[in-house]
Amino acid sequence: MAISKIDFDKLKKGFELYDNYFKNYEYTYLYRVGNEDKTLVVRFSKANFQHLTGLSYYRGPKKFYEDLADNRIDINNLNYDKNGFSRLKLSVIENL
């Protein structure tokens, strides 16, 4: 099923946040387990954004990002997943 207008608006807001604050950044988290210091490195790329939405796009993750950036996304080929996770993800994506 193609994405709704409401969810598309949420997607665009989430995209703007991702593009401004996450894309091509690397975040390092330091934490402690017991007496041992641990490190977790998280790297964000263009291709990661589609995963955060749960949507499927016929041109693949990198083109999904680029098409959103260029305002030429084909919403007729942007679909929710079958298990409902994409709707759940889109309900919070604008809060990145």
Closest approach of [X] to [Y] (non-hydrogen atoms, all atoms of both residues):
X   : Y   : answer
D74 : Y57 : N-OH, 3.3 Å
Y29 : V42 : CE1-CG2, 4.0 Å
K10 : L90 : CD-O, 3.4 Å
P61 : A47 : CB-O, 3.5 Å

Can you tell me how far apart [atom1] ([X]) and [atom2] ([Y]) are? Round to the nearest 0.5 Å.
X   : Y   : atom1 : atom2 : value
N24 : K46 : CG    : NZ    : 7.0 Å
N76 : I3  : CG    : CD1   : 11.5 Å
Y31 : L40 : OH    : CG    : 6.0 Å
L88 : N83 : CG    : CG    : 10.0 Å

Worksheet item: So with a 6.0 Å cut-off around CD1 of I6, is the heavy-atom count from everything else above 12?
Response: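 Result for CD1/I6: open.
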Worksheet item: Just wondering, are more than 12 heavy atoms of other shown residues or ligands nearer than 6.0 Å to OH in Y25?
Response: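 Counting neighbours around OH of Y25, 12 or fewer heavy atoms of other residues, nucleotides or ligands fall under 6.0 Å, so no.
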[X], [Y]: one ILVMFWY side-chain cluster at the under-4.5 Å cut-off?
X   : Y   : answer
V41 : F22 : no
F85 : I93 : no
V92 : Y21 : no

Worksheet, complete the sentence: Given the options S4, S86, S56, Y80 meets side-chain hydrogen bond (donor to acceptor under 3.5 Å, both in side chains) only with S4
Minimum side-chain heavy-atom gap [X]-[Y] below 4.5 Å:
X   : Y   : value
K89 : T53 : no
K63 : E66 : yes
L11 : L68 : yes
D7  : L55 : no

Discussion item. Using the rule given for side chain to side chain contact (heavy atoms under 4.5 Å, CB included), can you reason through D37 versus L30, listing the C-alpha separation, both sets of side-chain angles and the distance that settles it, and then say yes or no?
Written reply: CA-CA 7 Å; D37 292 335; L30 306 172; over 6 Å; no
Practice prompt. Just say parallel, tilted or perpendicular for the rings of F64 and F49, cut-offs at 30° and 60°.
Written response: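 F64 and F49: parallel rings.
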Worksheet item: What's the verdict on side chain to side chain contact (heavy atoms under 4.5 Å, CB included) for R59 and I73, showing C-alpha distance, side-chain angles and the deciding distance?
Response: CA-CA 10 Å; R59 297 184 74 193; I73 193 103; over 6 Å; no
Worksheet item: Do D9 and K13 meet the salt-bridge criterion of a basic N to acidic O distance under 4.0 Å?
Response: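 So K13 does not pair with D9 through a salt bridge.
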Worksheet item: Which of these, F44, F15, Y65, sits in a side-chain contact (heavy atoms from CB on, under 4.5 Å) with K23?
Response: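 Answer to the side-chain contact (heavy atoms from CB on, under 4.5 Å) test with K23 among F44, F15, Y65: Y65.
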